[in-house]
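Below: the structure, in structure tokens.
Every chain is numbered from 1, with letters handed out A, B, ... down the list of sequences. These numbers come from the heavy atoms of this one structure, side chains and all, not from hydrogens, waters or symmetry mates.
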Amino acid sequence: MKTKDNQGPLWEVFTQKKQGQPFRHSGSVHAYDKTLAIEAARDLFTRRNEGTGLWVVKSEFIIDVQPEEADSFFEPAKDKIYRHPTFYDMPDGVKNM
Amino acid sequence: MKKNTEQLELEFQEKIDNEIKIEPKDWMPDAYRKNLIRQISQHAHSEVIGMQPEGNWITRAPSLRAKKILLAKIQDEGGHGLYLYSAAETLGVSRDTFLQWLHQGKAKYSSIFNYPTLNWADMGAIGWLVDGAAIVNQVSLQKTSYGPYSRAMVRICKEESFHQRQGYEIMTKMARGTKEQKQMAQDALNRFWWPALMMFGPHDSDSAHSSQSLKWKIKRESNDTLRQRFIDKTVPQAELIGLTVPDPDLELQPNGSYKTGEINWDEFWNVVKGNGPCNKQRLAHHKKAHDEGRWVREACLAFAEH
Amino acid sequence: MKNKLFKYTLRLGDNALILGHRLSENCSKGPYLEEDISITNTALDLLGQAEAFYKYAAQVEDAGRTEDDLAYKRPENEFYNLQLTEQPNGNFAHIQVRQFFIDAFNYYLFSQLKESKDPTLAAIAAKSLKEVTYHLRRSSEWMIRLGKGTPESNQKTQQALEDLWQFTHEMFVADEVDETLLKEGIAADLHKLKEHWDAKVNEILEQANLQRPEDGYHATGSKKGYHTEYLGYILAEMQYLPRAYPDAKW
């Protein structure tokens, strides 16, 4: 189904809503180069005052976990319940803990 | 170790049943993928083609405020098209291919945009009725089973919320304005009411893709359920501003729901098949802009390769 | 004085409105979707600027007119926008060249006006300058891409420069409104502005492999209300509803 794409490569867009907050994935844009990419990202994803910071990265540079690897990546963390504060028994009445 | 298709399909349906979203690289049945590609791209094309009927009045918007709002709204439609194309692209088809399918007539878009906008109140009717109908559908689609589609819908719903209100505001001003304005408002409602009801698609019993889509949770509610929800919300809004819904059979039932007359399905299928008032015009407009933009895109590609 | 300030402010509003209107015509006709959305942001900025300038002009005039009256009820010969702003969209190169010329002009204009002794003009200019800085960035980038892209894009952009060059001259023609208000520390100095504009245009055209056109015929007259034939049609369309239904409220 692949044809020659003349919309340029795909870029992933991350916006930061307020300074100090994390950057979040907003979506993607097509752009031919990095200047056009950051401008398209600004014009599309911050037009409702949603941003004080903006990142774009070419989609091809995103590394992700393949579904068949997901179990080995994520399952082993499931039984480490002692990493969570609710795991521990606390005496009744203790404060500021 | 390799699982057979039957097993994969079972696991897939189990995920769907447990409301676990499907992500682009997860295994999915071919028919699920095809169904999504069809639905999301159709949705994207609708947003983009939908820029035209309202675009028809940008240069004639009667106040600075109205001009800004209308332009911002049409721009939003373009943005929504873009979110949806991106969601559809995660299924392995490029945006260029989608555009090609649109231009070749292989892909459809919502028939509502094949109706002309003939007076300023149509800008009200589109926001109020067309976006209103779209929102009913889209709110439901926020829970669709495919992750990228669901995320696009969440974003779109957030942004669409002003569209319906601005439409109803125009309609209210017109309905409460001069005699001519009131006539325009009623005329707009007369022309857009039935096509808006048609936006939800054929009756459940006649809908080719419906049952499988519901099982896979691509669609979350049936055409008729969504249509009825829209009718029940909208009729009182028309009455509030003194407009008459153009349906002599309209009747409030004891359960608070409205019974309507029958939709003209011949008209519906005719427009779907390409014989609506503006089908050719809308497609030609899009194709012309695309063709005239070719040298610009080529320049960008060449520049990027330097 | 009051009349001159009114006229000066009106011109600023007219430039923004007519160019914003031209760009709004192009919505849904862009070469690709991202660009369509981007240039609409420029159009929206310009319409916002027009509204701000008209509001202030109406206030200065103090004759009971609103910003909408100024936009929708004035005849062609009372519009004072630069003729460049009313030129038709043509192809994408025309749109971007027109934009680049005006963006560069607006950038230096508002840089000066934000220091104006008139506090309202200074405030509108300061706000607008942020918008225009981005517009200029975008249109400069387009000049470079179109100029350096393909032989076809270079040729089309060079042609657009040649077609529109005659309209750039009048941006810097000062009349007595400009001169009086300049002395008062209210208006921008068009001589200085031209120096900056020339330098910017030369810099970007050089980067873009494009030639600065030769000076020839100069179009002029907009400050007196004389226009090209295009403005009449813009207004006929834009003002149609308020004029056809004068009693209606929209």
Distance in Å, C:Leu47 CG paired with B:Ile69 CD1, rounded so as to fall on 0.5 Å steps
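So the CG of C:Leu47 and the CD1 of B:Ile69 are separated by 11.5 Å.
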
Of all the heavy-atom pairs spanning B:Gly78 and C:Ile37, show the shortest one and how long it is.
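B:Gly78 and C:Ile37 have their closest heavy atoms at C-CD1, 3.6 Å.
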
Heavy-atom pairs under 4.5 Å with chain B, option from C:Leu17, C:Leu146, C:Leu33 with the top count
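Most heavy-atom pairs under 4.5 Å with chain B: C:Leu33.
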
Top of [options] for chain C proximity - count of heavy-atom pairs under 4.5 angstrom:
options: B:Leu70, B:Leu71, B:Ile58, B:Ile74; answer: B:Leu71
options: B:Gly177, B:Cys300, B:Ala61, B:Ala304; answer: B:Ala61
options: B:Leu82, B:Ile170, B:Leu99, B:Ile49; answer: B:Leu82

Go through the atoms of C:Ala93 and report whether side chain, backbone, both or neither lie under 4.5 Å from a heavy atom of chain B.
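Backbone plus side chain of C:Ala93, per the 4.5 Å heavy-atom cut-off to chain B.
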
Which bit of C:Ala248 is near chain B, if near means a heavy-atom gap under 4.5 Å: side chain, backbone, both or neither?
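Contact with chain B: backbone and side chain both.
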
Around atom CZ of C:Phe167, are there more than 12 heavy atoms of other residues, nucleotides or ligands at under 6.0 Å?
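Yes, CZ of C:Phe167 has more than 12 neighbouring heavy atoms, counting only those of other groups under 6.0 Å.
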
Partners of C:Phe101 by ring-ring contact (aromatic ring centres under 6.0 Å, His included), sequence neighbours excluded?
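Here the qualifying residues are C:Trp165, C:Trp197.
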
Heavy-atom donor-acceptor pairs under 3.5 Å, chain C with chain B:
residue, atom, partner, partner atom, Å
C:His21, ND1, B:Lys67, NZ, 2.8
C:Ser28, O, B:His285, NE2, 3.4
C:Ser28, OG, B:His285, NE2, 2.9
C:Pro31, O, B:Arg297, NH1, 2.7
C:Glu34, OE1, B:Arg95, NH1, 3.0
C:Glu34, OE2, B:Arg95, NH2, 2.7
C:Ile37, O, B:Gln75, NE2, 2.8
C:Asn41, OD1, B:Gln75, NE2, 2.6
C:Glu51, OE1, B:Lys68, NZ, 2.4
C:Asp68, OD1, B:Leu64, N, 2.9
C:Tyr72, OH, B:Ala61, O, 2.9
C:Tyr72, OH, B:Ser63, N, 3.4
C:Tyr72, OH, B:Ser63, O, 3.2
C:Lys148, O, B:His306, NE2, 2.9
C:Glu237, OE2, B:Thr59, OG1, 2.4
C:Lys249, O, B:Gln181, NE2, 2.9
C:Trp250, O, B:Lys173, NZ, 3.1

Pick one of side chain, backbone, both or neither for B:Met184, based on which atoms fall under 4.5 Å of a heavy atom in chain C.
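Looking at B:Met184, just its side chain touches chain C.
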
Relative to chain C, which segment of B:Ala66 carries a heavy atom at a distance below 4.5 Å: side chain, backbone, both, or neither?
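Neither the backbone nor the side chain of B:Ala66 comes within 4.5 Å of chain C.
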
